Amino acid sequence: MHRYRTHTCGELREAEIGERVRLSGWCHRIRDHGGVLFIDLRDHYGMTQVVADPDSPAFKMAEKLRAEWVVRIDGKVRKRPAGTENAELPTGQVEIYISEIEVLGAAAELPMPVFGEQDYPEEIRLKYRFLDLRREHLHNNIMLRGQVIDSIRRRMKDAGFFEFQTPILTASSPEGARDYLVPSRLHPGKFYALPQAPQQFKQLIMVAGFDRYFQIAPCFRDEDARADRSPGEFYQLDLEMSFVTQQDVFDAVEPVIRGVFEEFGKGKKVTAKFPMIPFAEAMAKYGTDKPDLRNPIVMEDVSEAFRGSGFKIFANILNTPGNAVWAIPAKGGGNRAFCDRMNSWAQGEGQPGLGYIFWREGEEGGAGPLAKNIGPERTKQIADQLKLGVGDACFFVAGKPKDFVKFAGPARTKVGEELNLIAKDRFDLCWIVDFPMFEWHEEDKKIDFSHNPFSMPAIAAEEFLALDPKDEEKILGLKAYQYDIVCNGVELSSGAIRNHRPDVMKKAFAIAGYDESVLQAKFGGMLNALTYGAPPHGGIAPGIDRIVMLLAGEENLREVVLFPMNQKAEDLMMGAPSEVTPKQLKELSIRLDLPKKN
RNA sequence: GGGGGCGUAGCUCAGUUGGUUAGAGCGCUGCCCUGUCACGGCAGAGGCCGCGGGUUCGAGUCCCGUCGCUCCCGCCA
């Protein structure tokens, strides 16, 4: 007989009745009836009920067991007495009558029970992650993650991609997020950086002629956390392709993403063909470049209904060129209680308030102070434009669109949530395309890259090279071959057709006000590589953690990461980051200059 | 760096207008219980009410500060 087990805890059926078996696992739940004692023995594979009574030589030992002790039990499989079968368990037709128990690992009193579905504070869950991971919910999430990654690998390889590894210790990159730095012992005063993404490596793999690259790539960024953004490290399905247009990248990636969502989406409807939504359209309709398309609300410009109207606040705002008034239609929100609630919410968001009109029986022409200010004609104009009627409401935001979208987008989401308009049973995916190449940097009063300086401008190279840097209007209107995949309001990935031409890259940096020496200093290696025959190439990098988060139905990345850090980028279980010895620092030629407390 | 929420038993939470000895469930300890699967019953232990200061005859409760956790903004090519 095997030292620890003949079967797993999820294995035994009626076929094994009468066999002498050996199981090892955790005491999930113990029910001691005095005369008869049940233990639900749990392992990775499932749960089996084991039972002892005073006739069993193991009874005395069984009475000593406590939750989460790891034990080995020997015994005989027998059919459960009629009427005591448990249909919830695959092993529920049988039980094991214990003849011997060996304690393999006793457990101290638990800071957090494994049994049950109750919520526990993050701090405890993270400190005792190994206990949390025993719980069915997290355990399943992590297994799902592994299956999703397996599926992605298979799909990528089937599509002709090859998997590469790129360095973890590399050079600090000047753009983007803050780097994690690793001091060099051999080169005092110099540092490696952990890659924020293998961006330059994957481009170099294309320059090296490998044609189709992918990697489940760890990425490191020293930025503050969010619910959907892990501090420190996360994983991307990083991929890159040579001799491709933007459409080729879409055609390669879309089936992989859609396939994974269909495979693991538990029957939720997945977008059959991802719509391509230009950045400008996404901002205008949804107030964000990562719209939740499950929310049917589409905003519209209603500036004309307010221009020169009796509602002086908006009329005055509209006197400034470039300003506008947008409407957020709220089907089914046509009552004062709801409108007031939205107004309070807006104030909680730091807004002065949220103007609204609503339509109800007896006031078919529109109710609320705003309707009275602008009069019935303009109110009707709004109702007609947005196809609103009795029982509906409409909210308004006014000012400079670039500024108020930060509020309008969340307001659209809030209305959708409050009125239950969001279809929960779908994964609505889309491409966001036509991002601007450059944008006006208000603080520095200059034109700068709006995304990745490596993206190719969506304009003929010759025309781009001929651009007059003073022609700001044309430059700010330029689009880039830059694209995102968005699912249910979550940005899944960002990608681009890369700028593989040194001349175009130099021009792009010149337009953004960087001297060629800056380009050389920052991206000399990359630029150099491009001068020796670089293929046109492009790629994208979907976030693995976010995909799994959506598939698992979680709101927080920590629910799909094995050993996550907390919001302050601390590993409470391992105690990272930690102090190091003076000897270690000395070897690295590092002296600490810590900030003074208080 | 800034804003919101939370902080009471090992854990999840309740705690009234500021008023006697701060409660419940789970867990823990002991006893009882031969068919449970969230087993049940009886008894018990367990509290710097995050910390510091203030107001008050009296503070878990009100005020100020601080710390911790969390969510968001900034940040995230």
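Note that these values count all heavy atoms, side chains included, but never hydrogens, waters or copies made by symmetry. By convention in this document, chain letters (A, B, ...) are assigned in the order of the sequence lines, proteins followed by strands, and residues within each chain are numbered from 1. Just so it is clear, the model here is predicted, and its values are computed rather than measured.
One can find a donor-acceptor pair under 3.5 Å joining the base of B/rG35 and the side-chain atoms of A/Arg78. Side-chain N/O atoms of A/Arg229 and base N/O atoms of B/rC76 include a donor-acceptor pair closer than 3.5 Å. In terms of polar N and O atoms assigned as donor or acceptor, the side chain of A/Arg125 never comes within less than 3.5 Å of the base of B/rC69 in a complementary pairing. For A/Glu95 against B/rG35, a side-chain N or O and a base N or O form a donor-acceptor pair under 3.5 Å. The base of B/rC37 sits within donor-acceptor range of the side chain of A/Asn86, with an N or O pair under 3.5 Å. Residue A/Arg80 places a side-chain atom within donor-acceptor reach of the base of B/rC37, judged by atom type and a 3.5 Å distance cut-off alone. Within 3.5 Å, no donor on the side chain of A/Arg66 pairs with an acceptor on the base of B/rG27, nor the reverse.
Using a 4.0 Å heavy-atom criterion, one finds that A/Leu89 contacts no nucleic acid atom at all. Nucleic acid contact for A/Glu68: none, since no nucleic acid atom lies under 4.0 Å from a heavy atom of the residue. Among the protein residues, A/Asp32 comes within range of the nucleic acid bases, having at least one heavy atom under 4.0 Å from a base atom. Using a 4.0 Å heavy-atom criterion, one finds that A/Glu570 contacts the sugar-phosphate atoms exclusively.
Ion pairing between a basic and an acidic side chain is recognised when a charged N comes within 4.0 Å of a carboxylate O; A/Arg72 and A/Glu100 show such pairing. Under 4.0 Å is where a charged nitrogen must lie from a carboxylate oxygen, and between A/Glu472 and A/Lys446 no such pair does. With respect to A/Glu559 and A/Arg125, a salt bridge is recorded, a charged nitrogen being found less than 4.0 Å from a carboxylate O. Salt-bridge annotation for A/Arg341 and A/Glu418: present, with a side-chain N of the basic residue lying under 4.0 Å from a carboxylate O of the acidic one. Using a 4.0 Å cut-off between a side-chain N of Lys or Arg and a carboxylate O of Asp or Glu, A/Arg31 and A/Asp40 qualify as a salt bridge. Salt-bridge annotation for A/Asp228 and A/Arg226: absent, with no side-chain N of the basic residue lying under 4.0 Å from a carboxylate O of the acidic one. Salt-bridge formation is detected for the pair A/Asp132/A/Arg135: a Lys NZ or Arg NE/NH1/NH2 atom is positioned less than 4.0 Å from an Asp or Glu carboxylate oxygen.
Side-chain N/O atoms of A/Arg558 include one lying less than 4.0 angstrom from OP1 or OP2 on B/rC71. A sub-4.0 Å separation between OP1 or OP2 of B/rA77 and a side-chain N or O of A/Arg221 is present. Taking 4.0 angstrom as the limit, A/Gln567 places a side-chain polar atom (N or O) nearer than this to OP1 or OP2 of B/rC71. Note on A/Arg29: every side-chain N or O is 4.0 Å or more away from OP1 and OP2 of B/rU36.
When each of A/Ser450 and A/Pro111 is assigned the nucleotide of RNA chain B with its nearest heavy atom, A/Pro111 is the one assigned upstream, toward the 5' end.
Of all nucleotides listed (B/rG35, B/rC39, B/rC11), B/rC11 comes nearest to the side chain of A/Tyr120. Among B/rA77, B/rC69, B/rA38, the nucleotide with an atom closest to any side-chain atom of A/Lys568 is B/rC69. Among the nucleotides B/rC33, B/rG10, B/rG74, the one closest to any side-chain atom of A/His33 is B/rC33. Residue A/Gln49 has its side chain nearest to B/rC37 when only B/rC37, B/rG30, B/rU70 are considered. Checking B/rA77, B/rU36, B/rU70 against the side-chain heavy atoms of A/Pro453 singles out B/rA77 as nearest. Comparing atom distances between the A/Phe115 side chain and each of B/rG10, B/rA38, B/rU70 picks out B/rA38 as nearest. Listed nucleotides B/rU34, B/rA38, B/rC37 differ in distance to A/Arg31; the shortest reach to its side chain belongs to B/rC37. Looking at the side chain of A/Asn556, the nearest of the listed nucleotides B/rU70, B/rC37, B/rC71 is B/rC71. With B/rC28, B/rC37, B/rA77 as the candidates, the nucleotide lying closest to the side chain of A/Gln199 is B/rA77.
Of all heavy-atom pairs between A/Pro113 and A/Tyr120, the closest is CG-OH, 3.2 Å.
In this structure, the CD1 atom of A/Ile30 is 11 Å from the P atom of B/rG27, given to the nearest Å. To the nearest angstrom, C1' of B/rG1 lies 15 Å from CG of A/Asp222. One interatomic measurement links the two molecules: NZ of A/Lys127 to C1' of B/rG10, which rounds to 12 Å at whole-angstrom precision. The distance between atom CG of A/Asp53 and atom C1' of B/rC33, rounded to the nearest whole Å, is 14 Å.
For B/rU66 and B/rU20, the P atoms lie 32 Å apart once the distance is rounded to whole Å. Taking atom P in both B/rU36 and B/rG41, the straight-line distance is 15 Å, to the nearest Å. Between B/rC67 and B/rA22, the distance separating the two P atoms is 31 Å to the nearest Å. B/rA38 sits 47 Å from B/rG1 when the C1' atoms are compared, rounded to a whole Å. Atom name P, nucleotides B/rU17 and B/rC13: the rounded distance is 22 Å, in whole Å. Using P as the reference atom, B/rG25 and B/rU21 are 23 Å apart when rounded to the nearest Å. Nucleotides B/rG27 and B/rG18 have their C1' atoms positioned 33 Å apart, rounded to a whole Å. Nucleotides B/rU34 and B/rA24 are separated by 32 Å at their C1' atoms, to the nearest Å.
Across the strands present, B/rG68 finds its partner in B/rC6; the criterion is a Watson-Crick or G-U wobble pair with both atom distances under 3.5 angstrom. With a 3.5 Å ceiling on both atom-pair distances, the Watson-Crick or G-U wobble partner of B/rG1 is B/rC73. For B/rC37, there is no paired nucleotide, since no Watson-Crick or G-U wobble pair has both relevant distances below 3.5 Å.
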